Peer 1: 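Here it is, the structure, as structure tokens.
Computed from a prediction, not measured in an experiment: that's the story for all the values here. For reference, positions follow the sequence shown, starting with 1. When reading the values below, keep in mind they use all heavy atoms of this one structure, side chains included, and skip hydrogens, waters and symmetry mates.
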Amino acid sequence: MTSVANRSDVPVTRMDSSAEPARGEHAPVSPDWTCGSCGADWPCEAKRVRLLSEYGVDRAMLSVYLGACLAAAAEDLRAHGPAALQKRFFGWLPPRPRKG
């Protein structure tokens, strides 16, 4: 596997090489967009928790990052359809608290 940046600058690991993602990284592996650490669909549960922690209250930047990931994954996962991909990449986000 080789870590590469695709057109949207999202680091993904390609299965066509011998390099592996860093242990515990929970980075996506294309073309299936599975987690390189646990094998679950990416973003896996561990990566979701990490992303929420890393981005904290900056929901806009998290959405930009996930949107770039979704755009990159859409090229590899065309058969899944846009609604399924949107749910996979954004459906797990907790709702934002409403402003009073």
Side-chain angles (χ1 to χ4, degrees):
M1 290 182 261
T2 300
S3 184
V4 296
N6 55 24
R7 282 192 265 163
S8 56
D9 295 325
V10 176
V12 297
T13 302
R14 297 271 175 209
M15 289 299 293
D16 57 359
S17 178
S18 62
E20 293 188 22
R23 187 170 178 88
E25 178 74 20
H26 294 278
V29 177
S30 68
D32 296 329
W33 283 77
T34 54
C35 176
S37 296
C38 66
D41 284 348
W42 195 91
C44 63
E45 184 64 30
K47 186 63 174 184
R48 292 173 182 185
V49 169
R50 184 174 291 162
L51 287 170
L52 289 173
S53 174
E54 288 174 1
Y55 284 91
V57 297
D58 196 351
R59 181 71 170 264
M61 286 308 298
L62 175 56
S63 295
V64 168
Y65 172 71
L66 290 172
C69 293
L70 180 130
E75 293 181 29
D76 292 329
L77 301 175
R78 289 184 181 139
H80 287 77
L85 290 178
Q86 184 176 6
K87 183 177 179 182
R88 178 172 168 177
F89 283 85
F90 289 99
W92 58 272
L93 290 171
R96 282 187 276 174
R98 295 189 183 263
K99 293 182 180 182

Peer 1: Could you tell me whether the side chain of D41 reaches within less than 4.5 Å of the side chain of D32, counting heavy atoms only?
Peer 2: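 SC-SC contact between D32 and D41 ruled out.
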Peer 1: Do you know which two heavy atoms are closest between S30 and D76, and how far apart they sit?
Peer 2: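 It is CB-OD2, 3.3 Å.
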Peer 1: Could you measure the distance from the CZ atom of R59 to the CG atom of L52? Nearest 0.5 Å is fine.
Peer 2: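 Going from the CZ atom of R59 to the CG atom of L52 covers 8.0 Å.
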Peer 1: If we only count heavy atoms from C-beta on, is the W92 to L66 side-chain gap below 4.5 Å?
Peer 2: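 Of all side-chain heavy-atom pairs linking L66 with W92, at least one is under 4.5 Å.
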Peer 1: Could you label the plane-to-plane angle of the W42 and Y65 rings as parallel, tilted or perpendicular, counting under 30° as parallel and over 60° as perpendicular?
Peer 2: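 The arrangement is perpendicular - the two ring planes meet at more than 60°.
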Peer 1: Using the rule that Ile, Leu, Val, Met, Phe, Trp and Tyr join whenever any side-chain heavy atoms are under 4.5 Å apart, tell me whether L51 and L93 fall into a single cluster.
Peer 2: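 Yes; L93 is reachable from L51 via cluster members.
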Peer 1: Can you tell me how far SG of C35 sits from NE2 of H26, rounded to the nearest 0.5 angstrom?
Peer 2: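 Answer for the NE2-SG pair, H26 versus C35, is 5.0 Å.
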Peer 1: Taking atom CZ of R48 and atom CZ of F89, what is their separation to the nearest 0.5 Å?
Peer 2: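 Reported value, rounded in 0.5 Å steps: 9.5 Å.
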Peer 1: Less than 4.5 Å apart, any side-chain heavy atom of C44 and any of K47?
Peer 2: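 The answer is yes; the side chains approach within 4.5 Å.
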Peer 1: Taking only residues two or more places apart in sequence or in another chain, which ones pass side chain to side chain contact (heavy atoms under 4.5 Å, CB included) with D58?
Peer 2: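 For D58, the residues satisfying side chain to side chain contact (heavy atoms under 4.5 Å, CB included) (neighbours in sequence not counted) are A60, M61.
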Peer 1: Under a 3.5 Å distance rule, please check whether R50 uses its side chain to pair with a backbone N or O of E25 as donor and acceptor.
Peer 2: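 Yes.
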